[in-house]
Engineer: 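Just dropping this structure here.
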Amino acid sequence: MAQAWGVRRPHVGGGPEKRYIVEAKGGGAALLDVEGDGDLDIYWVNGADIENIAAGAGNALYRNDGKEGFADVADDLGIVGYGWGMGAISGDYDNDGDSDLYVTCLRENILYRNDGKFVDVTARAGVETPVWSTGAAMGDYDLDGDVDLYVANYVDWDIQTVEPLGTQWKGRDVFVGPLSLPALPDVLYRNDGDGTFSDATEPSGLGGQEPGYGFGVLFADWDRDGDADLYIANDSTPNFLYRNSGDGTFVEVALRANAAYNDMGLAQAGMGVAFGDYDNDGEADIFVTNFEDDYNTLYRNTGYGSFADVSFAVGLGRVSLPYVGFGAVFLDYDNDADQDLFVANGHVYPQMGEAGSSTTYEQANHLFENQDGHFVLIWPAAGAPSAVSRGAVAGDFDNDGRQDLFVTNLNERPALLRNVVDKGHNWLGLRLVGSTGNREAIGARVHLWSQGRQQRRDVLCGDSFLGSGDRRLHFGLGSATVDSVHIHWPGGTVQRLQDLPINTYLPIEERAQPGSRR
């Protein structure tokens, strides 16, 4: 629906040859409700021309005007950005009730405060990060009531020192990849609650880690102990899993938790990440997309402090081998009460589209249906278009209870995929509003029970590839209704709800209840 709904601007990301690695990256997007009118808007991040990196091609803020489609109001709201943009997340860092934006870039990141219009407060907040940043996420790791910021950084890259098309892949001249460039350390910014952030990388224990080539970031409670942990998908180096110790520090546990490598003990080229409970056991699982000739990895959370690589067992391994995966989203596209999976694909080397290559540059994206814990590829159908896709975020743009998809593509316009699947299934959407913690309830964990079946959703700020999706939590119900909902708010309050209506979006405000804890 992108063309019909007015989302028509093409992405600018260097030239067609992709002589440098930066030209193959970027394409993030963040979903937010700018005006508080209940409609999802889209912040789309653009790149630049290689000859004019500093200027940038200009980002778009597509305001959702309902049946009238989308209108780009980025210029009116002062949020076009500058430089070569990579990705974005939306989160209410100042707890004033509206979503702000953090944009990662090749050279200098941007923090926009939502004040009716948007104001660039990067310098005052102290979050410039003047290096190549990629993924980012927000979460309240110290449980002080405001959200903190983790920024993944990639490589130390300078066009003056890197030879264009300076290496080879499968006999073809291609750009120099990450393993030939120095990795950059990531940064954790602690929110000081006064509009500024402090660099907490060293005090939190994150600074002692050997840098990886960071991409996808998750700030989420994987071990259900009430505080936000961190997972980072690294390109060509082991992934990181930082367990929150609850005292303001983290411990890196990826190796012992079986989440650093694949099942063969090999580091992969991690790109995007998805967080969801695909098997409805109450434990959140992690999915990571990877490079061609390797497979996308599904780490099943065992519930005992570790993960198991089940990629091939559940049908996700073999099918991904010829593809380069980037964005990834768990979503219940058919509202049948389990989480399906969407993966955005696209190669990084245009040279792979030349005659005689075993793969293609433009690639089809994948939609997998969850069938009792096994994933079946149901899309693309015959004749489906291919593109060089990067970011993918899910959200209900027309508020009809079916999750849609916004997919970014390099050097062409994005795709806005409207969900028209109608099986007559019920659903429920929850918009959580924190009162004692952060206003957007980032970090909350929700368990919904329906006819003896459990579903789990988490309020995330940052996921997939360089983006963040709909903050509302969506539950498909099949033919059932809701028995009860248990909300674990950041900080420890547990709220139990019953007799909820269905087939609607409900605002739920945090309230302490007898027997709950904080």
Engineer: Who passes ring pair (Phe, Tyr, Trp, His ring centres under 6.0 Å) against F475, sequence neighbours left out?
Structural biologist: none
Engineer: Could you list the residues that satisfy side-chain contact (heavy atoms from CB on, under 4.5 Å) with T201, not counting sequence neighbours?
Structural biologist: V187, L188, D199, L206
Engineer: With a 6.0 Å cut-off on ring centres, are Y141 and Y150 close enough?
Structural biologist: no
Engineer: D221: what forms a side-chain hydrogen bond (donor to acceptor under 3.5 Å, both in side chains) with it, not counting sequence neighbours?
Structural biologist: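 Per chain and number, D221 pairs via side-chain hydrogen bond (donor to acceptor under 3.5 Å, both in side chains) with no residue.
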Engineer: Locate the shortest heavy-atom distance separating K25 from D235; write the atom from each residue and the value.
Structural biologist: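 Closest approach of K25 to D235, heavy atoms only: NZ-OD2, 4.4 Å.
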Engineer: Residues in side-chain contact (heavy atoms from CB on, under 4.5 Å) with A328, at least two apart?
Structural biologist: A274, F287, T289
Engineer: Locate the shortest heavy-atom distance separating H474 from D332; write the atom from each residue and the value.
Structural biologist: CE1-O, 3.8 Å
Engineer: Would you mind listing every salt bridge (Lys or Arg N to Asp or Glu O under 4.0 Å) that reaches into residues 402-415, with sequence neighbours excluded?
Structural biologist: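 Of all non-adjacent pairs touching residues 402-415, those that pass salt bridge (Lys or Arg N to Asp or Glu O under 4.0 Å) are D400-R402.
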Engineer: Who passes ring pair (Phe, Tyr, Trp, His ring centres under 6.0 Å) against Y213, sequence neighbours left out?
Structural biologist: none
Engineer: Restricting to side-chain contact (heavy atoms from CB on, under 4.5 Å), what partner residues turn up for E283, sequence neighbours left out?
Structural biologist: R224, D281, N301
Engineer: Tell me the salt bridge (Lys or Arg N to Asp or Glu O under 4.0 Å) pairs involving residues 303-316, sequence neighbours left out?
Structural biologist: none
Engineer: According to side-chain contact (heavy atoms from CB on, under 4.5 Å), who are the partners of V421, at least two apart in sequence or on a separate chain?
Structural biologist: Y333, D334, N419, K423
Engineer: Please list all pairs passing the salt bridge (Lys or Arg N to Asp or Glu O under 4.0 Å) test where one or both residues lie in residues 236-252, with sequence neighbours left out.
Structural biologist: none
Engineer: Applying ring pair (Phe, Tyr, Trp, His ring centres under 6.0 Å), can you list everything that pairs with Y278, at least two apart in sequence or on another chain?
Structural biologist: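 Testing Y278 for ring pair (Phe, Tyr, Trp, His ring centres under 6.0 Å), a comparison that skips the adjacent residues, returns F375.
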Engineer: Which residues pass the ring pair (Phe, Tyr, Trp, His ring centres under 6.0 Å) test with Y231, not counting sequence neighbours?
Structural biologist: none
Engineer: Could R390 and F326 be counted as a cation-pi pair, given that NZ or CZ must be under 6.0 Å from the ring centre and within 45° of the axis?
Structural biologist: yes
